[in-house]
Amino acid sequence: MTKFLYSFLFVAISVVSSMAHAELRVDVNKGTMDPIPVAITQFVPKDGSNDQFATDIPKVISSDLESTGLFKLINPQSFIQDAASMQTQIRFNEWKAINAQALVNGTVTKLPDGRTRVEFRLFDVLGQTQMSGMAYMTTPQNWRRIAHIISDEIYKRLTGENGYFDSRIVYVAESGPGVKRIKRLAIMDQDGANQRFLTSGQALVLTPRFSPSTQTITYLSYGTNNKPRVYIYDLETGRQEVVGDFPGMTFAPRFSPDGNKVVMSLSQNGNSDIYSMSLGGGNPQKLTNSPGIDTAPSYSPDGSQIAFESDRGGTQQLYVMSASGGNQHRISFGEGRYASPVWSPRGDLIAFIKMLKGQFYLGVMKPDGTGERMISSAYHIEGPTWAPNGRVIAYFKESPGANGRTSKVYSIDLTGHNEHVLKTNGDGSDPAWSPLNP
Amino acid sequence: MVVDHNRPEVTEPPKSKKALIISISLHLVVFLLIIFGLPHFRTEPVISEPVPIELVADIGEMTTTNKKPVDAPKPKEEKPPEPPKKTEEPKKPPEPKKSTPEPPAEEVLKDPPKPDKPVEKVDDKAEKKIEKKPEPKKEKPKKTEQNDFDSLLKDLTPTEKQQPDTDEVAQKMTEPTPAPNVSRFADTLSMSEMDALRQQLSQCWSVMAGAANAADQVVEISVTVNEDRTVANAKIVDQGKYNSNPFFRAAADSAMRALRNPICTPLNVPPNKYSQWHQMTIVFDPKEMF
């Protein structure tokens with residue numbers, strides 16, 4: 001009996017004791033997608049540096065961050081503390097009062113050797129801490145790149161993902177009426193600055209693709225002899241050359257992740273198959289061998305697999321195979337037809353185009369075909385390409401107009417939010433995003 | 001033997017003289033170097049094109065900024081809870097003040113010479129919430145996972161089901177779900193009280209929906225709350241992950257911003273149950289939204 005009482009007392013004390021120490025636990029399972037309010041001040045010019053940079057660099061940073069839809073820029077007119085006084089002390093309460101959660105300031109200094117030193121600091125206003133601070137030096141003409149690099153740093157610190165602002169987009173610039181449409185390769189910074197043409201427009205060019213690791217582009221050109229061929233273009237040297245010498249038509253080229261191979265379609269006698277070819281030489285390797293049309297190959301970021309489209313099953317669908325051509329299996333099973341798969345640099349998603357009930361859609365799905373979502377739709381959508389961080393997709397939409405069709409390049413966040421037009425030189429199509437600039 | 005022995009003495013200059021010559025020469029060279037400097041063997045480095053951008057430094061924290069709050073998510077921090085920065089008088093009972101709250105901007109402008117002084121800010125909205133506690137929504141049918149997924153990640157697929165419009169989505173995203181994981185001690189706070197706190201925090205929490213593995217970024221924060229319901233100390237529980245995983249760090253920072261957000265200050269908890277909520281763990285878990 002005594003034993004029983006002792007046992008009972010021991011259990012009771014244990015329970016009461018553990019209850020006394022139990023801590024309240026609150027699970028928050030819902031949130032918002034509200035953008036982070038960010039205040040970006042003018043940078044402070046030092047030692048006779050160019051005042052213009054002190055104004056322009058924060059402008060570019062603001063534009064970069066705002067374009068993502070993840071940040072809400074606070075109107076500088078509401079700032080209470082001036083930029084100069086922030087060099088000695090940040091009055092966080094004044095930034096909190098205007099609802100800023102992140103704060104960016106910086107300085108621009110002209111160095112004796114003519115170069116410019118740009119510093120920035122990112123602060124957590126509510127936490128009253130510095131989150132990041134970097135200094136860069138370069139020649140003054142590189143000021144836009146400095147601004148993009150700073151934007152990348154801020155983006156990375158606040159979202160955890162690498163940025164994509166210091167990158168470029170190559171695209172096909174279109175001009176002229178429908179029958180005499182001139183298509184030229186053009187390149188620009190991802191924000192539409194520094195536009196320039198790469199080809200003269202004498203030959204029709206299509207489907208430019210950036211190498212994920214080098215400053216090289218591959219594309220389809222009809223050349224001066226009107227014979228469609230896959231070319232590569234070295235942006236640093238300006239040199240172009242044909243990839244391989246095939247008897248049939250080659251098209252839909254795309255680089256391997258290391259930039260050493262090109263995978264593309266070769267059409268012969270009404271049958272299209274996928275080939276890979278080393279740019280260092282050697283024979284092309286045939287990867288598919290089906291009676292239908294196999295095309296639009298795209299490597300996974302680790303180079304081990306290739307997504308492609310094929311009509312071998314009767315309708316246009318998406319497939320995945322190993323990089324050597326083995327284990328070919330279908331991944332799209334929804335309604336409609338699927339085309340143009342492009343593997344995300346992050347590896348977690350494949351972007352594609354879907355045609356359903358007379359409408360075109362831009363969609364994403366996991367590499368195993370699950371989680372399919374349509375994030376944009378239009379009369380005609382084509383050419384998805386991922387930003388180097390795998391977060392944003394660029395593509396183009398065509399729409400019929402009074403003077404023929406018009407074509408605009410768009411970008412969208414993979415969540416399906418923040419769709420907007422990218423600035424191109426005239427009409428634009430077939431965008432291809434570069435890796436981060438070297 | 002004799003000849004051999006004498007030869008060096010005759011044919012070679014005396015060693016001391018040679019050393020003297022060398023010494024004078026070297027001194028002369030040094031002297032000339034001091035006057036004229038080093039010859040220009042090295043030219044300034046020529047920067048090749050394309051001009052590289054050089055990362056000069058990872059700038060440390062400004063030493064002149066305001067002192068950090070006690071709840072900065074640094075591993076080393078284990079400071080005792082200090083009086084919160086933005087509090088009303090901590091000793092006062094946490095009853096809603098009747099005095100008229102001023103707009104934040106005006107309050108700050110009033111006090112520019114003392115930037116370190118915390119701005120007094122009375123969040124009368126939050127106070128009111130306590131007065132009229134929201135009724136529990138226990139009977140509300142639970143939404144499907146699919147609806148939550150739609151709300152964060154858009155899907156334009158034409159289906160029979162009606163796609164929620166943006167406003168509806170925003171509304172849905174801030175609605176609290178029934179507590180899935182409340183400790184056995186939760187009966188000390190009623191369901192409606194727990195819901196009120198959850199709803200308040202969900203309005204302040206911005207989820208990084210498109211980030212890689214966003215659904216897996218579950219952030220636990222250990223929070224010490226002052227009697228006036230302001231956060232005295234908040235600490236990310238998994239400091240190792242915070243310091244090594246940039247995605248988690250961003251998610252954790254976002255959760256910390258939610259806790260410090262003026263809209264969520266003071267916390268929406270019943271003032272008379274201080275002993276229940278003065279120390280708690282708040283878990284920001286976005287899994288159900290994906």
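Please read all numbers here as calculations on a predicted model, not as lab measurements. Throughout, protein chains are lettered first and strands after them, A, B, ... in sequence-line order, and every chain is numbered starting at 1.
- Between the side chains of A:D189 and A:N194, at least one donor N or O lies within less than 3.5 Å of an accepting N or O.
- Looking at A:D82 and A:S85, their side chains do bring a donor and an acceptor atom within 3.5 Å of each other.
- The two residues A:P140 and A:F53 come nearest to each other via the heavy atoms O-CZ, 3.5 Å.
- Taking B:Q217, B:H278, B:M208, B:R249 one by one and counting their heavy-atom pairs under 4.5 Å with chain A, the maximum is reached by B:R249.
- Using a 4.5 Å cut-off between heavy atoms, B:I282 touches chain A through backbone and side chain atoms alike.
- Note on A:I375, A:L349, A:V364, A:D113: by heavy-atom pairs under 4.5 Å with chain B, the leading option is A:I375.
- A salt bridge is defined here as a Lys NZ or Arg NE, NH1 or NH2 lying under 4.0 Å from an Asp or Glu carboxylate O, and A:K72 with A:D34 fails to meet this definition.
- Using a 4.5 Å cut-off between heavy atoms, A:L414 touches chain B through its side chain atoms alone.
- Heavy atoms closer than 4.5 Å to chain B are found nowhere in A:N437, neither backbone nor side chain.
- In this structure, no portion of A:L70 lies under 4.5 Å from any heavy atom of chain B.
- With values rounded to the nearest 0.5 angstrom, B:E220 atom CD is found 4.0 Å from A:R25 atom CZ.
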